[in-house]
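Have a look at the structure below before the remarks.
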Amino acid sequence: MFWKLTLAIALGFILGAVALGFLPLLWLGFGQAFHIDDYLPRVVVFTLKQAFLSTLLSVAIALPVALALARRQFFGREALLRIFSVPLALPAIVAILGIVGVYGNSGPFGGLFSIYGLKGILLAHVFFNMPLAVRLMLTRLESIPAENFRLAAQLNFSAGQVFRFIEWPQLASALMGIASLIFLLCTASFAVVLILGGGPQATTLEVAIYQSLRLDFDPARASILALAQLVTCGLLVLVAGQFAREIQVVPPTLARTRRWDGKSRFSKILDGLLIALGIVIVVPPILSVILSGIGSIRPDGSLFWASATSLLIGLASASLSIALGWVLAETAARQPRTFLKSVITLACLASLIMPPAVLATGWFVTLSPLADMSRYAIFLVIILNALMALPFVWSPLYPAITDSVQRHDRLCSSLGLSGLARFKLIDLPVLRKPLGLAFLMAVIVSLGDLSAITLFGSDSLVTLPALIFRQMGNYRMNDAAGTALVLAAFCFALITIAQRWSQSHDHT
Amino acid sequence: MLKIFSTIIASVIFASLAQAKETLTIYTYESFVTEWGPGGKVKEAFEKTCDCSIEWVGLGDGVAVLNRLKLEGANTKADLVLGLDTSLTAEAIGTGLFGKHGVDKGLAKTPEAWADDYFMPYDYAHFAVIYDTEKMASPPKSLDELVNGDPAQKIVLEDPRSSTPGLGFLLWMKAVYGEGAAEQWKKLQPRILTITPGWSEAYGLFTKGEAPMVLSYTTSPAYHMVAENTPRYQAAAFSEGHYLQIEVAGLIEASPEKALAQKFLGFMMTPAFQDIIPTTNWMLPAGATDTALPEAFGKLVAPGKTLLFSPDEVFKNRRDWVDEWLNALSK
């Protein structure tokens with residue numbers, strides 16, 4: 001009963017927010033003539049092509065890197081994983097300037113290849129998404145019970161057998177989810193595609209929607225394009241869901257994962273190379289952001305206010321996002337493969353399927369006659385950010401909760417354990433890590449968000465990314481580089497705190 | 001964080017108290033009201049002249065301001081709109097929201113005589129290709145030289161679909177080449193490093209050293225000379241002339257504060273407003289000034305010929321011209 005009620009509230013909230021965004025736009029465009037030209041198919045094809053290639057590359061690199069990182073313990077591993085979370089927090093323009101600082105014409109690896117065009121788009125998307133995939137895969141790999149590896153060692157499994165019988169089953173259940181998430185992120189990519197695409201031949205649906213909402217102010221066209229995005233992405237998510245493996249039920253364990261495999265010299269060298277590959281992709285652009293920002297931080301009032309505002313909005317939207325994601329995951333985990341489960345999955349990915357610009361315009365049309373929007377800007381930013389963070393919350397939380405539900409539900413009902421007692425004794429210990437990661441990613445996503453804040457922000461509501469953009473818009477490129485460094489440092493500090501928290505509760 | 005909450009609460013209370021005083025709500029683009037922009041000083045100067053207060057609402061850029069008006073229609077909170085340019089005014093008048101300004105048009109000091117009954121200009125600048133003198137010894141001397149020049153020396157442009165300078169350059173090409181613009185775009189294509197969504201990204205790539213040229217304004221070198229004390233970045237003077245951007249303000253006809261808005265438009269043309277513009281908005285004043293422009297402004301390129309389509313021409317053709325550009329570069 002409790003879950004049913006909360007499910008209704010959470011689902012109602014999300015679907016209501018989406019409907020409130022999309023329907024007014026459809027309504028505005030209703031009187032006007034819909035027309036589809038040959039531009040639309042071209043845009044759809046390019047959108048899907050770059051998203052498919054970006055996803056393929058990100059996942060194909062992330063998979064061996066994650067396996068290597070799971071096998072190895074080494075000095076600096078924790079720090080490396082923290083760095084792997086930083087790209088998520090960087091607004092596209094900051095990351096692009098970082099990438100340009102490395103591979104651009106004046107960078108140390110300049111001239112290797114032109115970063116303008118499809119290659120540049122793929123490079124940037126891999127920089128953003130490969131480390132994200134690694135983090136998500138690692139949470140799955142690290143939840144494999146130590147007993148499995150001990151058994152594998154006793155049976156003298158080869159590396160291939162370990163992968164096939166132990167690692168793959170655990171990864172497979174989450175892989176489709178991770179790939180769908182990255183695919184949708186790349187589909188919704190806007191600034192990366194425009195800046196590194198080299199010209200209008202690289203136009204995604206998101207860009208076309210923005211154009212028709214902005215320059216042409218053509219709600220009819222915008223709603224057609226949004227519908228095209230909704231149908232394409234929605235279908236892809238549903239199809240991916242069909243291929244997703246059932247979550248594997250593994251016996252509960254509280255022992256620290258130890259690995260007996262990978263002792264051979266060859267395996268050590270290979271893992272070293274793979275980890276180095278991960279470092280080479282992620283670290284240099286971040287280093288370039290640090291180097292260009294290091295002498296340029298302006299510790300003035302606006303930097304302080306922007307930091308505080310970012311933190312406030314980040315924490316608030318992450319809390320909302322966790323609350324929504326948790327309720328939905330708890331319900332979805334108890335559903336057999338049904339329509340409701342698909343609806344829940346789609347709802348969690350709503351902000352990637354429905355462009356924030358569409359949502360914001362629709363909300364504006366609906367709400368502005370009722371209230372002064374500029375006064376409630378902060379709440380709208382928090383809600384939009386929470387929706388945008390939901391896919392990142394969903395991705396670590398859903399597999400973990402499914403796991404816990406399948407393992408513990410019968411036991412708990414036979415013991416009569418429910419409510420808060422069950423949560424404290426059973427769920428929290430196993431959910432602590434994924435929950436921490438989910439919350440962290442949600443904070444980081446809203447820390448780095450520029451779209452909600454530009455859509456609703458007012459001159460009194462300035463977050464760090466908004467400050468970076470303002471400084472750039474006023475010729476202050478160096479100040480902007482300094483602010484970008486503060487944002488990256490902020491994110492790194494948050495991750496450090498979160499890791500300490502999750503470790504201090506380990507095995508107590 | 002508590003502080004932010006209390007600031008929010010305080011601002012709500014203040015806003016309701018302030019109703020007693022006359023408040024002029026002005027929609028503008030965001031960079032006008034940032035701490036470096038003219039907004040703060042303009043507010044202070046205007047409030048000295050009346051028992052009133054200005055409430056700025058900063059929204060993205062000029063296009064975002066216009067779209068907000070279209071969404072709000074007659075319900076708009078704006079009394080006055082500041083920050084549209086002449087390629088948007090015909091569309092703005094089409095909303096039926098704007099009233100005639102009633103200010104003496106002779107006060108406007110624009111390159112061509114001012115004739116608009118609905119909008120008054122407050123500043124202007126010509127678009128220009130800015131080049132890096134350390135990387136380019138001989139910059140192009142005409143649009144033709146830019147189009148046909150060495151493809152190894154690249155330019156960063158802005159997207160006309162999402163940026164005002166981007167649209168400005170599209171109009172510039174159209175003004176010079178007319179029917180042949182698409183052809184020339186194709187010739188220019190190998191020289192284009194990339195086309196960014198906005199001015200900030202393009203200028204960021206340019207100052208990062210990615211390309212020796214970027215599309216910006218004739219006034220951009222003034223910033224580097226005044227604020228950074230460097231003559232490194234200069235504008236290239238083009239023999240065909242330069243396309244002009246004039247930024248304007250207009251009042252909302254149905255606003256209860258119409259009289260105050262009219263007063264502001266008059267104030268806008270006086271030195272109290274105009275003296276603030278050059279070193280905060282980095283544009284040239286379009287009205288009377290008291291203080292001389294900073295020395296750096298004297299060193300700027302002064303275009304021999306000004307190119308400008310009428311607002312109606314832009315309004316009628318913009319969509320076709322953008323489509324033409326899309327087709328020229330997409331294939």
Side-chain angles (χ1 to χ4, degrees), chain A residues 37 39 42 93 96-97 100-101 104-106 116-117 120 190-191 194-201 203 207-208 210-211 213-217 292 300-302 305 308-309 311-312 315 361 364-365 368-369 372 374-375 378 454-455 457-460 462 469-477 480, chain B residues 1 3-5 7-8 11-12 15 30-31 33-37 39 56-58 60 63-64 66-68 70-72 75 77 154 159-162 167 189 192-201 203-205 207-211 220 223-224 227 282 318-319 322-323 325-326 329-331:
Chain A
D37 38 39
Y39 177 60
R42 229 165 55 204
I93 177 63
I96 289 168
L97 288 178
V100 161
N105 295 331
S106 47
Y116 301 95
F190 181 91
L194 272 181
I195 299 173
L196 293 177
Q201 65 274 27
T203 292
V207 175
Y210 183 76
Q211 176 194 352
L213 270 183
R214 209 193 100 95
L215 183 68
D216 302 336
F217 196 75
S292 50
D300 56 4
S302 36
W305 278 117
T309 310
L311 198 61
L312 172 76
L315 292 176
T361 311
F364 194 87
V365 172
S368 68
D372 180 0
S374 52
R375 211 154 281 174
I378 188 164
T454 25
L455 290 165
S458 59
D459 23 297
S460 51
V462 181
F469 220 71
R470 285 179 163 212
Q471 287 167 329
M472 289 187 73
N474 272 281
Y475 289 99
R476 288 166 166 80
M477 306 291 165
Chain B
M1 237 165 291
K3 228 173 153 187
I4 295 185
F5 267 129
T7 319
I8 293 166
S11 67
V12 171
E30 193 178 50
S31 70
V33 290
T34 59
E35 53 174 307
W36 315 279
W56 293 113
V57 178
V63 181
L66 181 56
N67 284 345
R68 177 60 67 90
K70 286 184 191 165
L71 283 175
E72 290 178 339
N75 295 324
K77 311 271 183 312
K154 305 262 184 204
D159 196 317
R161 294 172 293 175
S162 51
L167 186 60
Q189 192 165 22
I192 302 172
L193 180 75
T194 189
I195 301 176
T196 65
W199 177 90
S200 306
E201 296 93 343
Y203 216 79
L205 287 176
T207 50
K208 190 111 186 161
E210 277 301 283
S220 297
Y223 173 80
H224 299 288
W282 303 101
R318 194 193 60 208
R319 199 158 176 166
V322 170
D323 282 347
W325 166 85
L326 261 178
L329 291 191
S330 292
K331 283 169 185 160

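Every chain is numbered from 1 and lettered A, B, ... according to where its sequence line falls, protein lines coming before strand lines.
The structure places CG of A:N474 at 10.0 Å from CH2 of B:W282, a figure rounded to the nearest 0.5 Å. Atom-to-atom distance recorded for B:E35:CD and A:D300:CG is 5.5 Å, nearest 0.5 angstrom. Considering NE2 of B:H224 and OH of A:Y475, their distance stands at 6.0 Å, rounded to 0.5 Å. Expressed to the nearest 0.5 Å, how far OG1 of A:T203 lies from CG of B:D159 amounts to 7.0 Å. Note that OG of B:S200 is 12.0 Å distant from CZ of A:R470, once rounded to the nearest 0.5 Å. In this structure, the separation between CG on A:N105 and NZ on B:K208 is 12.5 Å, given to the nearest 0.5 Å.
With a 4.5 Å cut-off on non-hydrogen atoms, A:V365 touches chain B through its side chain but not through its backbone. For B:N67, the parts lying near chain A are the backbone and the side chain together; criterion is any non-hydrogen pair under 4.5 Å. For B:T207, the part sitting under 4.5 Å from any heavy atom of chain A is the side chain, from C-beta outward, and nothing else. B:Y203 touches chain A through backbone and side chain together, each having a heavy atom under 4.5 Å away. Within the 4.5 angstrom heavy-atom criterion, only side-chain atoms of A:I93, from C-beta onward, approach chain B. Of the atoms belonging to B:E210, heavy atoms from both backbone and side chain fall under 4.5 Å from chain A.
The minimum heavy-atom distance linking B:W199 with A:M472 is given by the pair CZ3-O, 3.3 Å. The two atoms that bring A:L194 and B:P197 nearest to each other are CD1-CB, 3.5 Å, heavy atoms only. Of all the heavy atoms in A:G199 and B:I195, the pair that sits closest is CA-CD1, 4.0 Å. Across B:S330 and A:R42, no two heavy atoms sit closer than the pair CB-NH2, 3.4 Å. Closest of all the heavy-atom pairs between A:Q201 and B:L329 is OE1-O, 3.5 Å.
Applying the side-chain contact (heavy atoms from CB on, under 4.5 Å) rule to B:K154 yields the partners B:L193, B:A211; only residues at least two apart in sequence or on another chain are considered.
Contacts with chain A were tallied for B:N75, B:V33, B:L71; B:L71 has the most, counting heavy-atom pairs under 4.5 Å. If you tally non-hydrogen atom pairs under 4.5 Å between each of A:Q471, A:Q211, A:R476 and chain B, the highest count goes to A:R476.
With contacts defined as side-chain heavy-atom distances shorter than 4.5 Å, the pair A:F364/B:E72 qualifies.
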